[in-house]
Participant: 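Please see the structure below; I have some questions.
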Amino acid sequence: MPEHLASRISTIATPAYVVDMAALMRNMETASLIRREAGCRILLSTKAFALPEVFPLMREHLDGTSASGLYEARLGREEFGKEVHVFSPAYREETFGEILGVCDHVTFNSPSQLERFLPAVEKSGKGVRAGIRVNPGYSRVTLGGELYDPCSPRSRFGVRRHLLDVLPWDSLDFIHVHALCESLHDGSTALIEHVGKTLGEYVRRVGAVNFGGGHFINKQGYDVWQLIRAVRSFRQTFGVEVILEPGSGLVVDAGYLVSTVLDIVHNETDIAVLDTSAACHMPDVLEVPYTPPVLGAQAPGVLPYTCILAGPTCMTGDIIGEYSFEEPLEPGDRLVFGDMLQYSFVKNNTFNGMPLPDIGLLHEDAGYEVVRRFGYTDFRGRL
Ligand SMILES: *Cc1c(COP(=O)(O)O)cnc(C)c1O
């Protein structure tokens with residue numbers, strides 16, 4: 001556990017998502033390096049992480065945000081500033097005008113959506129750029145298999161290559177390709193090269209290519225210089241702008257979920273019931289599924305004391321995982337889950353009437369600051 005967390009952990013009210021500001025800053029510097037050296041733009045995908053309190057810090061290092069629809073687009077416009085890009089598999093008539101009012105780039109998913117909404121883009125006179133999402137028929141996801149593979153068989157995302165010829169290319173400003181998930185540099189570079197090889201004739205007809213998210217740029221082992229070289233080479237070959245819109249890759253390993261052991265029960269093994277829930281507070285643990293890291297713990301059987309960590313809800317499957325520890329756990333112990341900023345609080349819920357964790361910032365020298373605290377009204381308000 002990093003020293004600045006260890007020294008304050010007993011003062012953190014739990015459960016709490018804790019942003020490690022120093023780690024977030026390091027991640028932002030990676031983004032700055034890529035933007036500068038590759039000459040590309042980088043947006044934050046707000047579906048992975050959206051915390052207005054740290055937008056001022058992120059804004060200095062990024063070009064804007066990428067949204068999944070009206071609410072995220074509005075959040076980007078009002079809270080982040082800079083460019084707002086939107087992709088939605090299907091827009092609705094009622095809200096498309098509002099979307100146009102808050103975005104700079106709008107990506108369409110199909111020829112029929114283009115036909116329906118392109119006139120409104122042109123008529124708005126706001127200079128909003130329109131693009132098309134292409135399904136490159138090629139992906140390099142490393143997480144979750146078909147659940148997170150936009151190019152899986154019968155996927156709804158993007159226009160297949162054989163349908164591209166009939167698109168109104170003179171009205172399109174960019175191509176959007178999103179086909180990665182938690183991919184290292186080999187995934188990023190392979191996608192960029194694949195698009196160059198197979199879609200070159202269309203790339204030459206637009207001004208920019210957005211290579212989507214899933215570039216895991218701050219993950220240990222990601223060689224950013226390989227990405228930088230691939231982007232540079234693509235820009236030189238086609239003379240287009242390049243945009244990346246990672247979510248996870250910008251916040252990976254930059255925060256924690258801190259929780260407290262409430263009780264230990266016994267059923268063949270020790271089971272620690274925590275004040276945090278997989279189902280409510282870390283839904284990806286059950287959805288992907290995966291076992292999140294616990295600082296200081298190992299896989300079962302490695303250290304002397306093995307036990308299951310479980311949530312306090314009534315759902316039998318609310319199990320975070322099985323781990324081993326140096327010493328037996330006891331009620332009152334603090335446990336820290338690592339890598340808990342991406343797809344965590346943006347996806348949480350109040351199932352079972354579970355309280356939502358605080359959201360706090362851990363500053364390197366200036367202590368711990370709670371920026372959001374939730375209560376009964378947050379639960380009641382959604383019923
Ligand atoms: C989810 C998504 C992203 C961000 O993906 P990460 O895996 O969090 O980097 C970017 N663009 C689109 C279109 C997405 O659906």
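Along the sequence shown, residues carry numbers from 1. We count ligands from 1, going down the list as the structure has it; atoms in each ligand are counted the same way.
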Participant: With no hydrogens and no angle check, do the side chains of Glu72 and Thr46 hold a donor and an acceptor under 3.5 Å apart?
Facilitator: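 Checked: Glu72/Thr46 side chains pair up, N/O donor to acceptor below 3.5 Å.
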
Participant: Both conditions, 6.0 Å and 45 degrees, for the charged tip of Arg129 above the ring of Phe174: are they met here?
Facilitator: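 No cation-pi geometry.
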
Participant: Using the salt bridge (Lys or Arg N to Asp or Glu O under 4.0 Å) rule, pick out the option among Arg41, Arg235, Arg35 that qualifies with Glu241.
Facilitator: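 Result: among Arg41, Arg235, Arg35, Arg41 is the only option passing the salt bridge (Lys or Arg N to Asp or Glu O under 4.0 Å) with Glu241.
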
Participant: Under a 4.0 Å heavy-atom cut-off, what residues line ligand 1?
Facilitator: Ser45, Lys47, Ala48, Arg133, His176, His178, Gly213, Gly214, Glu245, Pro246, Gly247, Ser248, Tyr343

Participant: Does a side chain donor of either Glu29 or His61 reach within less than 3.5 Å of an acceptor in the other side chain?
Facilitator: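 No, no side-chain donor-acceptor contact under 3.5 Å.
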
Participant: Before accepting this row, confirm whether a basic side-chain N of the pair Arg373/Asp358 lies closer than 4.0 Å to the acidic partner's carboxylate O.
Facilitator: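 Salt bridge: yes.
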
Participant: When you measure from the side chain of Thr189 to the backbone of His185, do you find a donor-acceptor pair of N or O atoms at a distance under 3.5 Å?
Facilitator: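 Checking the backbone N and O of His185 against the side chain of Thr189, a donor-acceptor pair under 3.5 Å is found.
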
